[in-house]
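Treat the numbers as computed from the prediction; the structure is a model and nothing was measured.
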Amino acid sequence: MAQVEATTERIIAADPGTVFDALADYENTRAKLLPAHFSEYEVREGGDGEGSLVHWKLQATKRRVRDCLLEVTEPSDGRLVEKDRNSSMVTTWTVTPAGEGRSKAVVTTVWDGAGGIGGFFERTFAPKGLGRIYDTILERLAAETETPSASANGTGTGAGAGA
């Protein structure tokens, strides 16, 4: 099995603390950021960063639904790690300064892909599909955290990349 990776990033016109706090707020903010690909969202423990346990179902394709139970850790400042108890999937959110009043938010998900021809297609297409989902989350994160004048001036920009 080969490891599959999807990475997406966005510059957000808000300070890193504000952006990180929004990402780590599983109780209130995070549910608002999730597109229709996510269902059955539930905070089972905690709700604010480290020590949270969160459940959701992720439908990345018409045929594939992942039932995720995520343990949340904060291994260092500006990093939030979601490790799925039900699979090898690990998602890391990193928020760093990107100039005055701006942040760079990067999300990377890795998992052990299938073997054979199915694995080939997974490694080829899954990162792009997951990247599009993360682009939506980061767009909503920007809308949630940016000041209205920064958004109106177009200082929040997105840049997605599938790995």
Please round to the nearest 0.5 Å and tell me the distance separating atom [atom1] of [X] and atom [atom2] of [Y].
{"X": "E42", "Y": "L53", "atom1": "CD", "atom2": "CG", "answer": "9.0 Å"}
{"X": "T94", "Y": "L80", "atom1": "OG1", "atom2": "CG", "answer": "9.0 Å"}
{"X": "R10", "Y": "I137", "atom1": "CZ", "atom2": "CD1", "answer": "12.5 Å"}
{"X": "E139", "Y": "E144", "atom1": "CD", "atom2": "CD", "answer": "13.0 Å"}
{"X": "K83", "Y": "L69", "atom1": "NZ", "atom2": "CG", "answer": "11.0 Å"}
{"X": "D15", "Y": "S103", "atom1": "CG", "atom2": "OG", "answer": "6.0 Å"}

Expected output: side-chain R30 to main-chain L23 donor-acceptor under 3.5 Å: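 The answer is yes, because a donor-acceptor pair under 3.5 Å joins these two groups.
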
Main-chain N/O of Y26 paired to Y41 side chain as donor or acceptor, under 3.5 Å: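 Side chain of Y41 to backbone of Y26: a pair is present.
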
Would [X] end up clustered with [Y] when hydrophobic side chains under 4.5 Å apart are linked, directly or stepwise?
{"X": "V81", "Y": "V4", "result": "no"}
{"X": "V107", "Y": "V90", "result": "no"}
{"X": "V43", "Y": "L58", "result": "yes"}

Could you tell me which non-hydrogen atom of [X] sits nearest to which non-hydrogen atom of [Y], and how far apart they are?
{"X": "A105", "Y": "L138", "value": "CB-CD2, 3.9 Å"}
{"X": "I11", "Y": "A98", "value": "CD1-CB, 4.0 Å"}
{"X": "A13", "Y": "R102", "value": "CA-CG, 4.2 Å"}
{"X": "D48", "Y": "S52", "value": "N-OG, 3.2 Å"}

Side chain to side chain, [X] and [Y], heavy atoms closer than 4.5 Å:
{"X": "P35", "Y": "R140", "value": "yes"}
{"X": "L70", "Y": "T91", "value": "no"}
{"X": "H37", "Y": "T136", "value": "no"}
{"X": "D67", "Y": "E40", "value": "no"}
{"X": "M89", "Y": "T109", "value": "yes"}
{"X": "E82", "Y": "V54", "value": "no"}
{"X": "H55", "Y": "K57", "value": "yes"}

Sequence-distant partners of T145, side-chain contact (heavy atoms from CB on, under 4.5 Å), two or more places apart: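 Listed in chain order: I12, A14, T18, V19, A22, L141.
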
Candidate pair T96 and V106, rule side chain to side chain contact (heavy atoms under 4.5 Å, CB included), full reasoning: CA-CA 9 Å; T96 56; V106 179; over 6 Å; no

Residue pairs fulfilling ring-ring contact (aromatic ring centres under 6.0 Å, His included) with at least one residue in residues 80-110, sequence neighbours excluded: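 Non-adjacent pairs meeting ring-ring contact (aromatic ring centres under 6.0 Å, His included): W93-Y134.
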
F38 and W56 aromatic ring geometry - parallel, tilted or perpendicular at 30°/60° bounds: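 Because their plane-to-plane angle is over 60°, the rings of W56 and F38 count as perpendicular.
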
